[in-house]
Protein chains: 2
Amino acid sequence: MHPNGVPEVKSQVTDEVLVHRRRGQIIAAAVELFARQGFYRTTIQEIAKLAGVSSGLIYQYVSDKEDVLLLSLLSVLDSYKHEIPAAMEGLSDPLARYRAAVQAYCRVVDQRREATVLAYRSTKSLPEDRRQLIKNHEIETNGLIEAALRDCIAEGLFREVNVELVTYQLVTFAHSWALKYWRLKQLVTLEEYIAHGLDFFARALLTPKGWRHYSKLADAGTAGPPKAIAAKPRKQRRTASGT
Amino acid sequence: MHPNGVPEVKSQVTDEVLVHRRRGQIIAAAVELFARQGFYRTTIQEIAKLAGVSSGLIYQYVSDKEDVLLLSLLSVLDSYKHEIPAAMEGLSDPLARYRAAVQAYCRVVDQRREATVLAYRSTKSLPEDRRQLIKNHEIETNGLIEAALRDCIAEGLFREVNVELVTYQLVTFAHSWALKYWRLKQLVTLEEYIAHGLDFFARALLTPKGWRHYSKLADAGTAGPPKAIAAKPRKQRRTASGT
DNA sequence: CTTTGGAATGAATGATTATTCATTCAGCCG
DNA sequence: CGGCTGAATGAATAATCATTCATTCCAAAG
């Protein structure tokens, strides 16, 4: 929808390269501070200090504090949009691609945990029109998962379900790792979380034909731990009261 | 942990009944405004106006603006904690209780959609100690779902899974209705959403023995639409671009 | 009819902070 | 070299609000 990656947001400065570099600085600082303190608790002065520039400079690259937020959120969503296809690169088996997509999604969320939470918290702090931009990005990312799902269905590996709905469940599953990290980390590791999720969704989605493929995949270890996915219901239970 | 429902938050006013009534007014106004505009965009003056009191009065019943937020969030979580057991009242079959719990959760979330989103957005705006209070409430509510799940497992209707993890998936499923309403409403109705979810989780969780019970339940119509749960993958697809 | 004290009011205060802008700086060109 | 131009600075400005508090209200008690 826009030539380079940065739409709508205007800058006083003309030098493309400089704009890119400076915005990079600003956004890096902003994401960190927004994630830690939230949008409203963070001042432009703080961002400027952390970015190593003056407060006035920021307004040469951005027209609002809200623009800083918008750019920050877009940078997070962009990391989704890059990592997921990257993880699927080279895989052709639909099931393997599906698994890779979900795994990748969970892992990016883990890497950018605070930032993911930021996206949930702060999107509404944006005026309607800019918020729309964010939603579009989200829909676009979902499209990656959706496509993987559809392929599995087309191959008869997954049963016919409402794809969009299941996509949302998958996306939500990934996001939850960040949103509920405070509790989940007491229960499982990231990899366990992913394994549990893949197993869970598999049971809900696979056709008999799908199961056969799936078992082969799992044994081959294309991704994820080979077996014993669901066998241990009790494990790290007690940790809850011990912290 | 506390005699009445309102812990920690101090009031200048001594009359218990009055405190209860006034806080009710204040919270009702606050929840509405916070949900619509967010915490920081909402001023105490606005809350006062909507509640039909003076701005100064609020500080007789609360020590902070943050306390207003705390009370607001607690009121939302309390509605969960009430509605869910209420919906399970009288049901003894574990599967029926489980279904009722999930349904009830989704429906409260739907009723208090904006408020649910508020909880996600604003919990971090609270200082650590008050935030802890919220988390405890959440864990408590989850306990309701968890118990229902455990019963189903104990009866051999559900397979042995990591109960806490699955609980989070269920909770998340309910919350997502509010968090992603902007998109989901284009895809399905609330009841369809619930039906889809129950079916999906059923497939992932039921044992063969469980399936037999489940079919009976569904036919008897204890809750939810009797049949045709999974049969229609395509349906309201097109709506997306039409709005 | 006073008195008294808890409730309620809302104008005034004091901080905080987004945003501006007069000024300085640095490189480049003729 | 001057003189320009686009970048960068950061102090000053202007608003916005949470919070306070001097005052008023009111109902019950004496």
Side-chain angles (χ1 to χ4, degrees), chain A residues 6 9-34 36-73 122 125-127 130, chain B residues 6 9-34 36-73 122 125-127 130:
Chain A
V6 192
V9 181
K10 304 242 169 77
S11 168
Q12 309 276 90
V13 179
T14 53
D15 180 346
E16 285 283 324
V17 182
L18 185 54
V19 169
H20 188 74
R21 184 158 55 80
R22 286 262 121 117
R23 281 189 176 170
Q25 278 180 275
I26 295 167
I27 290 170
V31 168
E32 173 161 345
L33 290 169
F34 287 161
R36 184 159 58 232
Q37 317 174 333
F39 178 66
Y40 290 100
R41 278 172 149 51
T42 301
T43 69
I44 288 288
Q45 277 79 0
E46 283 178 292
I47 296 173
K49 176 141 69 149
L50 185 59
V53 299
S54 69
S55 59
L57 175 136
I58 291 179
Y59 285 89
Q60 303 217 282
Y61 292 90
V62 127
S63 56
D64 260 342
K65 191 185 174 191
E66 276 165 354
D67 263 350
V68 178
L69 178 59
L70 177 62
L71 290 177
S72 301
L73 296 181
S122 306
S125 304
L126 252 35
R130 305 193 221 188
Chain B
V6 194
V9 182
K10 303 247 168 74
S11 168
Q12 310 276 88
V13 179
T14 54
D15 181 345
E16 285 282 325
V17 182
L18 185 54
V19 170
H20 189 74
R21 184 158 54 81
R22 287 261 119 118
R23 281 189 175 171
Q25 278 180 275
I26 296 167
I27 291 170
V31 168
E32 173 162 346
L33 291 170
F34 287 161
R36 183 158 59 231
Q37 316 175 334
F39 178 65
Y40 290 101
R41 279 175 145 57
T42 302
T43 70
I44 289 288
Q45 277 80 359
E46 282 177 292
I47 296 174
K49 176 142 68 152
L50 185 59
V53 300
S54 67
S55 59
L57 175 136
I58 290 179
Y59 285 88
Q60 302 216 283
Y61 292 88
V62 126
S63 53
D64 261 341
K65 190 187 176 190
E66 276 165 354
D67 262 350
V68 178
L69 178 58
L70 177 63
L71 290 176
S72 300
L73 296 181
S122 306
S125 305
L126 252 35
R130 305 193 222 189

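All chains are named by letter (A, B, ...) in the order of the sequence lines, taking the proteins before the strands, and each is independently numbered beginning at 1.
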Partner of Val68(A) by side-chain contact (heavy atoms from CB on, under 4.5 Å), out of Thr42(A), Ile58(A), Leu33(A): Ile58(A)

Whole angstrom is fine here: how far is it from NZ in Lys49(B) over to C1' in dT9(C)? 16 Å

Length of the NZ-P vector between Lys65(B) and dC17(D), whole Å: 8 Å

Measure the CG-CZ distance between Leu73(A) and Arg130(A) for me, rounded to the nearest 0.5 Å. 11.5 Å

Counting only side-chain heavy atoms from C-beta out, which of dA18(C), dG10(D), dT19(D) sits nearest to Ile44(A)? dA18(C)

Rounded to whole angstrom units, what separation is found between the CG atom of Asp64(A) and the C1' atom of dT17(C)? 14 Å

Derivation and outcome, side chain to side chain contact (heavy atoms under 4.5 Å, CB included), residues Tyr40(A) and Ser125(B): CA-CA 9 Å; Tyr40(A) 290 100; Ser125(B) 305; over 6 Å; no

Winner on side-chain proximity to Leu57(B), out of dT9(C), dA18(C), dA18(D), is dT9(C)

In terms of side-chain heavy atoms of Tyr61(B), which of dA7(C), dA7(D), dT20(D) is nearest? dA7(C)

In whole Å, what is the span from the OH atom of Tyr59(B) to the P atom of dG6(C)? 23 Å

Consider side-chain contact (heavy atoms from CB on, under 4.5 Å). Of Leu71(A), Leu50(A), Ile47(A), which one does Ile26(A) pass it with? Ile47(A)

Whole-Å gap separating P (dC17(D)) and CD (Glu46(B)): 8 Å

Find the distance Ile58(B):CD1 to dT20(D):P and express it as a whole number of Å. 13 Å

From C-beta outward on Val53(A), which listed nucleotide comes closest to its side chain: dT19(D), dT9(D), dT17(C)? dT9(D)

Once you round it to whole Å, what is the distance between C1' of dA18(C) and CZ of Arg41(A)? 17 Å

Among dA18(C), dT19(D), dG10(D), the one nearest Ser55(A) by side-chain distance: dG10(D)

Strictly below 4.0 Å: does Gln45(B) bring a side-chain N or O up to OP1 or OP2 of dA18(D)? yes

Measure from CD on Gln25(B) to C1' on dA7(C) and round the result to the nearest Å. 13 Å

What contact category does Ser63(A) fall into here, base, sugar-phosphate, or nothing, at under 4.0 angstrom with non-hydrogen atoms? nothing

Report which part of the nucleic acid Thr43(B) touches: base, sugar-phosphate, or nothing (heavy-atom distance under 4.0 Å, all strands). sugar-phosphate

Can you tell me how far CG of Leu126(B) sits from CG of Leu70(B), rounded to the nearest 0.5 angstrom? 5.5 Å

Just compare dG10(D), dG10(C), dT19(D) and give me whichever is closest to any side-chain atom of Ser54(A). dG10(D)

Options dA7(D), dT9(C), dT19(D), nucleotide nearest the side-chain atoms of Gln60(B): dT9(C)

